[in-house]
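Nothing here was measured: the structure is a model prediction, and the numbers come from that model. Counting convention: from 1, in listed order, for ligands and their atoms alike.
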Amino acid sequence: MGEKGLREIVAAETNLSDIDGANGRLWYVGYEIGDLARNASFEEVIYLLHNLDLPTQPQLDEITAFLRTERNLSPFLARMMPTLAQNTSPMSMLRTSISASSAFDPDGWDDSPEAEYRKALRLIAITPTVIATYHRVRTGQEVIPPHPTLSHAANFLWMLHGQTPDPADADALDTTFTLYADHTMNASTFTARVVASTLSDMFSAVTAAIGALKGPLHGGANEESMKMAEEVGKPENAEAFVRDRLANHGKIMGFGHAVYRTMDPRATVLKQMSRELGERRGEPIWSDIFEALEATTFEQKGLSPNVDLYAAGVYHVLGIPTDLMTPLFALARMAGWTAHVREQYANNRIIRPGSEYVGPTDRVYLPIEQRG
Ligand SMILES: CC(C)(COP(=O)(O)OP(=O)(O)OC[C@H]1O[C@@H](n2cnc3c(N)ncnc32)[C@H](O)[C@@H]1OP(=O)(O)O)[C@@H](O)C(=O)NCCC(=O)NCCS
């Protein structure tokens, strides 16, 4: 048997993203992640992942206009939201809402490439509205309808907080979306591709991906990182916290990676953003704590931060509740998941790995009264 956890197994060819784990590098369709984080809007990244080229201005205008017109919740989802807000956690709500939204997609069961592209964009467009509406409803606040002209990131802050966001805050959020948009064959993307490979529909594939992202070893790590920083409380406590946790064989959330052997390049961008944002907003304490955790975790275990550590710091300072941090990861990764699903459809073979049987052999059925 190969290494546990399908390490080193190539499950698909992709044009979307590539990682050099040894050197801590990541590219989307050939563009280095730092270049895109500095220069591209999330809308440009969505276009890039779905069309394998950066858009021209008319192409960007067209995709932006389509995304903006598709932001509204269907009446069905809007009616479900009070029940979901009362009874389910944010990721369970998101999984259910995205699944339920399939009933109202105007393209229905049309599985032409054009219809699949429109479905993908609708899923991307609706996710921020689902998350913000849920939060407004569960906190007893008036629901803010999507803004007709704001960007994907600014509109999310608008719907969540009910105020036009500071452009620098919207830019910071936009950059986190770019950083989270795709990441080769991570667990949730693999899940989406497995479902798509059975020629099941886009909504089923993405719903399953949300389920995979929910776990604390994958997308749940940003929330766990924030809770850890709150528990640490001040930078001076970081060293003892890490020592205790490692001594108890616990995980330090936001550290380590299945592929990177150096610092995750997304964490490098987020670390700087978290510091700048924290200082601008008068809350540098979180960067102080995360940086202290980084230094001591490296010293004690040789582990470097992954994307989730400093993303938690950025989201917290932007006023995002901790339990919405994984849904925001999903919001951004919706771009990658849907692009992978379309790529799978375009060159499909059902994904069906083998297994190695390690149980007992040559057993003979005994009637129940003779067992025990
Ligand atoms: C991401 C993760 C699941 C990768 O797991 P993996 O591929 O099995 O990791 P590795 O093979 O590099 O692990 C090597 C060793 O370091 C340990 N390790 C890895 N990450 C660790 C962490 N964050 N805290 C403590 N120990 C960790 C492993 O337990 C393993 O120890 P062992 O050899 O004694 O069994 C793992 O690093 C982790 O659980 N991180 C915390 C959760 C997280 O931040 N997830 C978000 C990922 S983007």
Identity and separation of the nearest protein heavy atom to atom 17 (C) of ligand 1: Lys301 CE, 3.9 Å
Within-shell test, His218 vs ligand 1, heavy atom, strictly < 4.0 Å: yes
Thr14-Glu343 side chain donor-acceptor pair, cut-off 3.5 Å: yes
Carboxylate-amine/guanidinium proximity below 4.0 Å for Glu291 and Lys271: no
Region of Glu224 engaging ligand 1 - heavy atom pairs below 4.0 Å: neither
Residues that His257 engages under ring-ring contact (aromatic ring centres under 6.0 Å, His included), provided they are two or more places apart: His183, Tyr260
Nearest neighbour in protein (non-hydrogen) for atom 46 (C) of ligand 1: Asp308 OD2, 3.3 Å
Aromatic Phe66 / basic Arg122 pairing, under 6.0 angstrom, 45° off normal: no
Shortest protein contact, atom 6 (P) of ligand 1 (heavy atom only): Arg7 NH2, 3.7 Å
Within-cutoff protein neighbour (heavy atom, under 4.0 Å) for atom 2 (C) of ligand 1: no
Pair Gln59-Tyr47, side-chain donor/acceptor within less than 3.5 Å: yes
Distance-only side-chain donor-acceptor flag, Asn222 / Thr326, under 3.5 Å: yes
Side-chain H-bond candidate by donor/acceptor type, Tyr117 with Asp107, under 3.5 Å: no
Student check: side-chain heavy atoms of His218 and Ser188 closer than 4.5 Å: yes
Under 3.5 Å: N/O of Arg266 near N/O of ligand 1: no
Proximity to ligand 1 by part of Leu217, non-hydrogen separation under 4.0 Å: both
Sub-4.0 Å atoms of ligand 1 with respect to non-hydrogen atoms of Gly250: 25 (C)
Side chains of residues 75-90: which donor-acceptor pairs under 3.5 Å do they make with residues two or more places apart or in other chains?
{"residue": "Asn87", "atom": "ND2", "partner": "Thr83", "partner atom": "O", "Å": "2.9"}
{"residue": "Thr88", "atom": "OG1", "partner": "Leu84", "partner atom": "O", "Å": "2.7"}
{"residue": "Ser89", "atom": "OG", "partner": "Ser92", "partner atom": "OG", "Å": "3.1"}

Met253 N/O to ligand 1 N/O under 3.5 Å: no
Sub-4.0 Å protein heavy atom next to atom 35 (O) of ligand 1: no
Nearest protein heavy atom with distance in Å, relative to atom 40 (N) of ligand 1: Phe255 O, 2.9 Å
Atoms of ligand 1, numbered as shown, that sit under 4.0 Å from any heavy atom of Ala221: 43 (C), 44 (O), 45 (N), 46 (C)
Heavy atoms from other residues, nucleotides or ligands near CZ of Arg371 exceed 12 (cutoff 6.0 Å): yes
Residue pair Arg118, Glu114: steps toward the salt bridge (charged side-chain N to carboxylate O under 4.0 Å, His left out) verdict: CA-CA 6 Å; Arg118 288 191 295 271; Glu114 298 75 21; over 6 Å; no
Protein heavy-atom partner closest to atom 47 (C) of ligand 1 - residue, atom, separation in Å: Asn306 ND2, 3.6 Å
Within-cutoff protein neighbour (heavy atom, under 4.0 Å) for atom 28 (C) of ligand 1: no
Mode of Ala258 contact toward ligand 1 - side chain, backbone, both, neither (heavy atoms, under 4.0 Å): both
Gly256: numbered ligand 1 atoms lying under 4.0 Å from its heavy atoms: 1 (C), 37 (O)
Residues Asn248 and Asp244: side-chain donor-acceptor under 3.5 angstrom: no
For atom 21 (C) of ligand 1, closest protein heavy-atom neighbour: Leu303 CD1, 3.3 Å
Polar atom proximity, Gly254 to ligand 1 (N or O, under 3.5 Å): yes
Distance from atom 10 (P) of ligand 1 to nearest protein heavy atom, with residue and atom: Arg261 NH2, 4.3 Å
Atom 24 (N) of ligand 1: nearest protein contact (heavy atom, Å): Ile252 N, 2.9 Å
Asp61 and Gln57: side chain donor to acceptor below 3.5 Å: yes
Atom 44 (O) of ligand 1 touched by protein heavy atom at under 4.0 Å: yes
